[in-house]
Amino acid sequence: MRRMVADLNVSRIIAETFVAGVEHYSSLPSTQERAREAASNPFETLPLLVIADRQTAGRGREGNSWWTGEGNLAFSLLFDPAEFDCPRRAVPAMSLAASVAIIDTIAARIEPHRVGLHWPNDVFVEGKKLAGVLVEVMPDGRHILGVGLNANSRAADAPDELKSRIVTLRDLTGTAHERTVLLMRLLGELGTCLRQLGGEPDILGLRFNDLCVQHGQMLTLYQGDRPTVGRCLGIATDGGLLLDTATGLQAFHSGTLQPPR
Ligand code: BTN
């Protein structure tokens, strides 16, 4: 049986952020899956925040799994983009908007470390992954935005294959980060970025490029089995990855930087 727990201050989150409902679990397979179940109810009160202290089957993009260490943030937000005057433009601008919100939440906390965007959906600090975003669009247009943020665990506690590739807020600052405060700040920045995506997309879009950490790198983008190699020229205002390829400048709005399995 799934058990809801009380160590996050749920009433404060409801009172002080835009969310209308919160489900907080000690453990779930995946908050993304629980939000999908909730989405099967067309009358669900939105925005709904589903948060879990542990995930036993957390999901990333492209069929990857997502590790949720103790004290980290793992949540999924079920919402209607119209509520933020935001068009249904899920990929890649919505993921990037959420990544910018994460950056705006944590940048000051981790100074002097530099944080940036790793297209299409990651937040990186000095070459290591701090957070990931997963956006899924339901057939009726409602969105599920999943966020995993490595907060209070340590990279050393992660599975061996992740230890050298990830970083946590605790690793960077040496201190614990109170999860209610961190989450409320993140939801506030998320609301700001979603509204900006709706109202001033080019202003937000310029930030995608400013924050991109892949400028100048040679990247291989896979669309299905088809690889395209090019030097990264940044991120376009609509979220497209700009590559200088053998056939000239191209913008990509889908694809993965991982080789197909
Ligand atoms: C990625 O980097 O590939 C995206 C990771 C998204 C992970 C979050 S954690 C909360 C939500 N529940 C999941 O199962 N996945 C997302």
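Because the structure is predicted, anything quoted here is derived from the model rather than measured. FYI, side chains are in, hydrogens and waters are out, and symmetry mates aren't considered; it's all heavy atoms of this structure. Whatever order the structure lists ligands and atoms in, that order sets their numbers, starting from 1.
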- Contact region, T68 to ligand 1, non-hydrogen atoms below 4.0 Å, reads neither
- Query: If you count the atoms of ligand 1 from 1 in the order shown, which ones are under 4.0 Å from a heavy atom of S76?
  - Reply: 11 (C), 12 (N)
- Do any nitrogen or oxygen atoms of Q55 come within less than 3.5 Å of a nitrogen or oxygen of ligand 1? yes
- Note on the structure: Honestly, for K129 the part within reach of ligand 1 (heavy atoms, under 4.0 Å) is side chain
- Item | Heavy-atom nearest neighbour in the protein, as seen from atom 3 (O) of ligand 1, with distance rounded to 0.1 Å | R61 N, 2.7 Å
- Task: Under 4.0 Å from a heavy atom of G58: give me the atoms of ligand 1 that qualify, with their elements.
- Result: 14 (O)
- Query: Judged by modelled atom types alone, do Q32 and E136 share a side-chain donor-acceptor pair under 3.5 Å?
  - Reply: yes
- Message: Please tell me whether F84 and F79 form a close aromatic pair, meaning their ring centres lie under 6.0 Å apart.
- Response: yes
- Give a yes-or-no answer on whether the side chains of T228 and Q223 include a donor-acceptor pair shorter than 3.5 Å. no
- Report, in ascending order of atom number, the atoms of ligand 1 lying under 4.0 Å from any heavy atom of S30. 12 (N), 13 (C), 14 (O)
- Item | Atoms of ligand 1 close to D122 [distance to a heavy atom under 4.0 angstrom, numbered from 1] | 2 (O)
- Task: Provide the number and element of each atom of ligand 1 under 4.0 Å from a heavy atom of G132.
- Result: 2 (O), 4 (C), 5 (C), 6 (C)
- Item | Closest protein heavy atom to atom 4 (C) of ligand 1, given as residue, atom name and distance to 0.1 Å | V133 O, 3.5 Å
- Note on the structure: Ranking Q32, E33, R59, Q258 by closest non-hydrogen atom to atom 15 (N) of ligand 1, top hit is R59
- Message: What I'd like to find out is whether the side chain of I235 reaches to under 4.5 Å of the side chain of L242, using heavy atoms alone.
- Response: no
- On a heavy-atom basis, the closest approach of L73 and A151 is N-CB, 4.4 Å
- With distance as the sole criterion, is a donor-acceptor pair present between the side chains of H113 and E126 under 3.5 Å? yes
- Note on the structure: Per side-chain contact (heavy atoms from CB on, under 4.5 Å), I103 is matched among L130, V125, I110, L117 by L117
- Query: What part of N121 sits under 4.0 Å from ligand 1 if we count only heavy atoms: the side chain, the backbone, both or neither?
  - Reply: side chain
- Who's the nearest protein heavy-atom neighbour of atom 5 (C) of ligand 1, and how far? W66 CE3, 3.5 Å
- How far is atom 10 (C) of ligand 1 from its nearest protein heavy atom, and which residue and atom name does that atom have? T31 OG1, 3.2 Å
- Message: Taking a cutoff of less than 4.0 Å between a non-hydrogen atom of the residue and any ligand atom, is N64 in contact with ligand 1?
- Response: no
- Element-labelled atoms of ligand 1 that are located less than 4.0 Å from some non-hydrogen atom of G60: 1 (C), 3 (O), 4 (C), 5 (C)
- Item | Chi angles and distances behind the salt bridge (charged side-chain N to carboxylate O under 4.0 Å, His left out) call for R207, D210 | CA-CA 5 Å; R207 295 197 65 205; D210 289 345; over 6 Å; no
- How long is the gap from OG1 on T17 to CG on L183, to the nearest 0.5 Å? 7.5 Å
- CG (L243) and CG (L249) are apart, to the nearest 0.5 Å, by 8.5 Å
